[in-house]
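For reference, the structure is listed below as structure tokens.
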Protein chains: 2
Amino acid sequence: MVLPNTYAERNCSLTRALEVVGERWTLLIVRDAFHGVRRFGDFATQLGIPRAVLTARLKTLVREGVLVREEDAAGLVEYKLTDRGIALWPVVRAMMHWGDESYSPAGVKRALRHDADNGLIGADNKCQICGELVPVPDIRIEAGPGFAPSAAELDPVSEAMIQPRRLLEPIVTGRAAQA
Amino acid sequence: MVLPNTYAERNCSLTRALEVVGERWTLLIVRDAFHGVRRFGDFATQLGIPRAVLTARLKTLVREGVLVREEDAAGLVEYKLTDRGIALWPVVRAMMHWGDESYSPAGVKRALRHDADNGLIGADNKCQICGELVPVPDIRIEAGPGFAPSAAELDPVSEAMIQPRRLLEPIVTGRAAQA
DNA sequence: TCGTCTCAGTTCAGTGATTGAACCAACCGT
DNA sequence: ACGGTTGGTTCAATCACTGAACTGAGACGA
């Protein structure tokens, strides 16, 4: 998504950010990565994204330093958030919050809690019990009051993603789950 | 941008948010609206967006309740942020912040200040002088250390946008400026 | 009244991106 | 040797975006 605008335009951090995470699917891939998805096939089935597009998006996310591509012990490919990727959490959080407050009258679809003391995390990213700023790996995400559970059969990855779990905790499926 | 995914997928506030503000150009339009741009022609020239796309985007933003389309005293069309639109500020802010911290080593391109006491506004949206949460209309945006001023001639709207100014304060140009 | 200007769009052919489905090459365990 | 898993690639059809020209309504001045 090249936006070849005026120089003044280029002088905008938002434009630069959107060149990286502004394309279709990209932020959903990043969100899945926060949920612990790491494998090509898991992104593909969970998001329903065409594999060719997924290839392209992963490539730019790696090039821009948001994800790293590496192989695990068994030689399977893993895409993991870098520090720069984890720094996108406030963006994902802000969008989720806006989506909830604008379009989910029954309450938030996902609640965020401080894993240590179970405190709800507010819009300021502080735990309502201990008052601390909660670092991303200590955040637990779980179904909130606005969540409507699905009756349909889910693939293993979607199944894992609706369970309460800490962010960044890897979801392990398929061959890797045997080991 | 319809994302017809699984039911579990639809159960995600991020997906819903991206359906509204996830399309190309949309968030840039919203940012311009925060800067005080209100008129069709001003969006078009400032962003360099094709007018047909601008028409489509403004239409969905109005339909989704992010902008209102109304006519001013002189009968000119104005697009203004609604409360729901203003609630997008944390999203824009988080993206700008990520863009700055990832890609602007010389410092932020735009600094945000509390207009009342001139205090810098931190990542938590609090004024570093008075400690208050600063409401959007009281935020002043101005060039930061990472801003590289342009030598080129700018259109009047871009010119106005690089001056320090409060958010939401309308930029008035053209025929409306005579009145 | 005429011509010109501003403003907010519409129209349309050309180009580029996305989609969905099929295909492919390694590798693994048996 | 074989089927399953994994991480892709390929390709035609569709869809969205682009840029430039055009339209129509109202304002303005002569």
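Just so we're on the same page: letters track the sequence lines, and every chain starts at 1. Only this structure's heavy atoms are used, side chains among them; waters, hydrogens and symmetry mates stay out.
- In this entry the distance linking CG of B/Leu54 with P of C/dC7 reads 15 Å, nearest Å.
- Inter-residue side-chain proximity for B/Arg39 and B/Ile171 is flagged as unmet; no heavy-atom pair is nearer than 4.5 Å.
- Between the CG atom of A/Leu47 and the CZ atom of A/Arg57 there is a distance of 11.5 Å, given to the nearest 0.5 Å.
- For C/dT19, the OP1/OP2 oxygens have a side-chain nitrogen or oxygen of A/Trp25 closer than 4.0 Å.
- Contact check for A/Leu18 versus A/Glu23: no side-chain heavy atoms found under the 4.5 Å cut-off.
- With rounding to whole Å, B/Arg38 atom CZ is found 17 Å from C/dA8 atom C1'.
- Remark: B/Asp72 pairs with B/Ala74, B/Leu76, B/Glu78 by the side chain to side chain contact (heavy atoms under 4.5 Å, CB included) rule, at least two apart or across chains.
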- Nucleotide by nucleotide, nucleotides 3-13 of chain D touches protein heavy atoms under 4.0 Å in the pattern (B base, S sugar-phosphate only, - none) --BSBBBB---

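- Atom CZ of residue B/Arg93 and atom CG of residue B/Leu112 lie 4.5 Å apart, to the nearest 0.5 angstrom.
- What separates CZ of A/Arg24 from C1' of C/dG16 is a distance of 15 Å, to the nearest Å.
- A/Tyr103 pairs by the ring pair (Phe, Tyr, Trp, His ring centres under 6.0 Å) definition with A/Trp98, not counting sequence neighbours.
- The nearest whole Å value for the distance from the CD atom in B/Glu23 to the P atom in C/dT18 is 12 Å.
- Distance B/Glu71 CD to C/dC7 P: 14 Å, rounded to the nearest Å.
- Atom pair B/Asp72:CG and C/dC7:C1' shows a separation of 12 Å (rounding to whole Å applied).
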